[in-house]
Every structure is written in structure tokens, then in C-alpha cells.
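For reference, the structure is listed below as C-alpha cells.
The sequence lines fix the lettering, A, B, ..., with proteins before strands; numbering per chain opens at 1.
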Protein chains: 2
Amino acid sequence: MKSFLSRFEMFLHGKGLRLTAQRAEVLRCIYRTHRHVTAEELFEMLRRKGDRSISRATVYRTLSLLEEGGFVDALSVGRDQGLRYEHTLGHEHHDHMVCQECGKILEFHSEAIEAAQDAVAAEHGFKVTSHRLNMFGHCADCQAAGKVPKDADESTDESSTSSHEHAG
Amino acid sequence: MKSFLSRFEMFLHGKGLRLTAQRAEVLRCIYRTHRHVTAEELFEMLRRKGDRSISRATVYRTLSLLEEGGFVDALSVGRDQGLRYEHTLGHEHHDHMVCQECGKILEFHSEAIEAAQDAVAAEHGFKVTSHRLNMFGHCADCQAAGKVPKDADESTDESSTSSHEHAG
DNA sequence: GTGCATGCAAAATTTTTGCAAGTTG
DNA sequence: CAACTTGCAAAAATTTTGCATGCAC
């Protein structure tokens with residue numbers, strides 16, 4: 001399969017743009033990490049490697065291109081700082097479990113969920129082009145470390161029905 | 001069922017805070033619209049109604065409270081301006097299908113999806129406290145109205161220059 | 001009264017842009 | 001050489017905070 005770099009290069013060429021050293025570096029950097037990074041974090045990662053000077057402006061500009069080409073997704077949930085970016089290729093369809101204790105993000109893929117989604121969409125005559133599923137909670141590690149109240153404390157609400165809290 | 005306002009009031013009381021006219025206004029305003037609004041948009045909506053002076057700061061502060069209480073979700077996708085907020089429509093669980101043509105939001109609930117989610121989470125030892133599922137695409141009406149290209153562009157080939165929406 | 005809430009404006013953050021200089025084909 | 005690019009710094013946009021005043025209990 002084509003490398004991400006050459007895909008990016010083709011995308012750029014299609015727009016009459018060039019694959020420069022800086023752009024390549026940004027792409028490599030974001031494809032190397034599996035975290036969801038902010039532009040600022042990315043900028044610092046690039047700075048630390050330091051062999052090449054890169055400016056914030058270039059990071060932002062490249063991120064825009066990458067997003068436009070579908071190489072990264074920009075997404076921010078809750079009151080974080082800024083947008084967080086994640087690469088998309090090689091990770092075609094995945095969803096997220098976000099640990100509210102340590103911030104860790106587990107990516108997963110479930111055919112069962114996909115199938116169920118398609119079924120519901122079909123029921124409503126809805127044609128799905130993309131979707132985003134994020135589950136928030138506590139990862140196994142944080143539960144083991146006892147950072148999480150046992151089961152009972154979870155419902156801080158008045159009339160808790162059996163099911164858990166949800167974000168729509 | 002309890003009104004959103006009284007729920008919010010209870011939430012505030014639990015924290016030793018008060019339900020003020022401004023806070024109520026922000027809540028009403030965001031529950032009245034079905035769009036995903038930014039803080040700035042909300043501020044302007046409130047300003048336009050104008051019967052009550054409200055400051056940006058109060059909008060932001062109230063939004064934080066609402067989010068903390070689970071009355072709204074903050075989420076930003078792609079290169080928008082800032083976070084967008086949406087009401088959660090009570091605490092009943094539902095997910096969203098968002099039509100990219102007309103902006104309509106269909107709410108739905110699927111036990112099959114819930115079950116599949118719980119199963120995956122359990123597999124990973126992850127304890128879910130909340131989740132959010134948004135499916136983007138085209139609603140039945142817009143398809144019928146022919147606003148949507150027939151082509152189901154599923155292939156992710158590098159040579160394609162089509163602007164294909166991507167979501168993690 | 002006491003303490004929470006508000007508005008304002010200033011400050012802090014995050015992102016975009018203008019421009020001169022550097023690169024690439 | 002004629003674009004396209006970059007870095008820098010200034011500008012713009014977004015969000016938070018300090019503080020004096022105003023309100024609710």
C-alpha cells in the first residue's frame with residue numbers, strides 16, 4: 001500500500017501544492033503518535049526533535065491541509081484546550097473509549113456496533129456517510145488502581161433509573 | 001417529567017449555587033434551538049432577545065455549569081470556530097443522526113447498539129459512564145428530494161480527489 | 001449581613017494572516 | 001524566474017479571570 005507520505009503528496013499535487021520537508025515532518029509526527037494531539041502539542045513535539053525549525057503557523061497550515069485531505073480528523077470533546085487531531089489512515093473505522101481519570105484513549109472497532117448502526121439507519125431511511133462514537137468512563141487500569149469509586153457512587157442524580165448517564 | 005429548569009435548579013442547589021434569571025435564560029435558549037451553537041452564537045441570541053442584559057462571561061460560566069451537570073454537551077468537529085454546544089434533551093438516552101443536507105437531527109435509541117457497546121467495553125475492562133454516538137449522512141427526505149448524489153463513494157483510493165467526509 | 005452572581009474589561013489562549021525572504025521546479 | 005512556502009510577529013478570535021457592585025436568602 002502507498003505510504004501516507006505519497007498519498008499526501010498526491011493530494012497536494014492535485015491542488016498544485018508541494019510536499020515540503022516541513023509538511024512531511026508534520027505528517028510523520030502525527031502518524032507516529034497514537035494520542036490525540038493539539039496543534040500546540042504537535043508543535044512542541046516537532047520542536048523537541050528540533051532538527052528542523054518549524055513554526056506554529058506552518059503546523060496550523062499543514063494541519064488544515066491534512067484535515068481537508070482526510071488524513072487527520074479534528075475533534076474536541078468537552079472543555080479541553082483547543083481541537084485535538086488524530087490520524088485517520090490505517091485506522092479506517094474506529095471508535096473511542098476515553099478514560100476520564102487518566103485521559104487515555106482506547107481505540108476499538110466492533111462489527112456488532114457497526115451492524116447495529118446500519119440497521120437503525122436503514123430503519124429510518126437514513127444514509128450514513130460517517131459516524132463518531134465516543135464512550136466515556138474509566139479504563140481498566142484506573143479501576144484497578146482504585147482511582148474510581150466502586151459502583152454505587154456513579155449515580156449522583158435524583159431519580160436514577162438503572163441505566164447509566166448519557167450524553168446525547 | 002421534571003422540567004429542565006427544575007432539574008438544573010436541583011443540580012445547582014446540590015452545589016450550593018442558585019438558579020438566577022441569567023442562568024435560566026441560557027438554559028432556555030439552548031434548549032429552544034436544535035442547532036449546535038457556539039458560545040458566541042448563544043450570546044448573540046440572548047442579546048437579540050435583549051430583554052435582559054447578559055454578558056459573555058456569564059454565558060461561558062453558565063455553559064460550564066450546564067456541561068458539568070450533563071445538560072449540554074460540548075463538542076467540536078473539524079475546523080469550526082470554537083466548541084459547539086448542544087442540549088442533551090433530558091437525561092434520557094438517545095443518539096443522533098445528523099442530516100448534512102438540511103441539518104435535521106433525528107434522535108433514536110437502539111438497544112442493539114447499547115448492548116454491543118456494553119459488550120465491547122466489557123471486553124476491554126472499561127467501565128462506561130456515558131457515551132455519545134453521532135451518525136452523519138442524509139435523511140430520507142433529502143434523498144427523496146434528490147439533493148444527494150446517488151453514488152455511494154465507499155472506496156478510499158488514493159487517486160480519488162473527491163472530498164470525502166471522514167470521521168474517526 | 002453574608003456569600004453567590006454579574007458585568008465589564010483586561011488577560012490568557014488559541015488560531016489566522018500579512019509580509020519579506022527562502023525554495024523549488 | 002514565477003510560483004509556492006516559510007517564519008515571524010502582529011492581529012483576530014475564543015475563553016478565562018479579577019474586581020467592584022448587585023442580589024438572594
| request: In whole angstrom, give the distance that lies between atom CZ of A:Arg84 and atom P of C:dT15. | output: 11 Å
| query | Would you say B:Tyr60 reaches D:dT15's phosphate, i.e. side-chain N/O to OP1/OP2 under 4.0 Å? | reply | yes
| side chain to side chain donor-acceptor pair (under 3.5 Å) partners for A:Gln117, two or more places apart | A:His131
| remark: Counting only Watson-Crick and G-U wobble pairs with both atom distances below 3.5 Å, the stems of 3 or more consecutive pairs that include DNA chain D are C:1-25 with D:1-25
| said: In this structure, how many angstroms lie between the C1' atom of D:dC25 and the CG atom of B:Leu12, rounded? | reply: 15 Å
| query | Can a salt bridge be assigned to the pair B:Glu25 and B:Arg28 using a cut-off of 4.0 Å between side-chain N and carboxylate O? | reply | yes
| message | Side chains of A:Glu68 and A:Lys15, heavy atoms from C-beta outward: is any pair under 4.5 Å? | response | yes
| task | Could you state the atom-to-atom distance from CZ of A:Arg23 to P of D:dG7 in whole Å? | result | 11 Å
| query | Do A:His109 and A:Glu114 touch side chain to side chain, with heavy atoms closer than 4.5 Å? | reply | yes
| note | Sorted by chain and number, sequence neighbours left out, ring pair (Phe, Tyr, Trp, His ring centres under 6.0 Å) with A:His36 holds for A:His96
| Side chains of A:Phe108 and A:Met135: closer than 4.5 Å at any heavy-atom pair? | yes
Without placing hydrogens or testing angles, list every side-chain donor-acceptor pair under 3.5 Å for residues 57-65 of chain B, not counting sequence neighbours.
unit_1: B:Thr58; atom_1: OG1; unit_2: B:Ser55; atom_2: OG; d: 3.2
unit_1: B:Thr62; atom_1: OG1; unit_2: B:Thr58; atom_2: O; d: 2.7

| request: Write down the atom of B:Glu67, the atom of B:Ala74, and the distance for their closest heavy-atom approach. | output: OE2-CB, 3.7 Å
| task | On DNA chain C, check which nucleotide each of B:Gly16 and B:Val59 is closest to and give me the residue with the more 5' one. | result | B:Gly16
| So, is B:Gln22 close to the C:dG7 phosphate, meaning a side-chain N or O under 4.0 Å from OP1 or OP2? | yes
| query | For the pair made of CZ in A:Phe43 and C1' in C:dT15, what is the distance, rounded to whole Å? | reply | 13 Å
| message | Can you tell me if B:Ser53 touches the phosphate of C:dG7, counting only side-chain N or O atoms and a distance under 4.0 Å to OP1 or OP2? | response | yes
| field | Gap between atoms CD and P, on B:Glu40 and D:dT16 respectively (whole Å) | value | 13 Å
| Interatomic distance where CD1 belongs to A:Ile54 and C1' belongs to D:dT5 [whole Å] | 12 Å
| Nucleotide-resolved protein contact map, nucleotides 17-25 of chain C, B/S/- at heavy-atom distance under 4.0 Å | BB-----B-
| field | A:Arg47 side-chain proximity, nearest of D:dT6, D:dC8, C:dT15 | value | D:dC8
| query | Does the side chain of B:Ser55 get closer than 4.0 angstrom to OP1 or OP2 of C:dC8 through an N or O atom? | reply | no
| query | Taking atom P of D:dC23 as reference, at what distance in whole Å does atom CG of B:Leu19 sit? | reply | 17 Å
| request: Using atom CG of A:Leu83 as one end and atom P of C:dT13 as the other, report the distance to the nearest whole Å. | output: 18 Å
| Under the ring pair (Phe, Tyr, Trp, His ring centres under 6.0 Å) test, which residues partner B:Phe11, sequence neighbours left out? | B:Phe71
| field | B:Arg56 side chain, from C-beta outward: closest of C:dT15, C:dG7, D:dT15 | value | D:dT15
| query | Quick one: does A:Asp95's side chain get under 4.5 Å of A:Ser110's, heavy atoms only? | reply | no
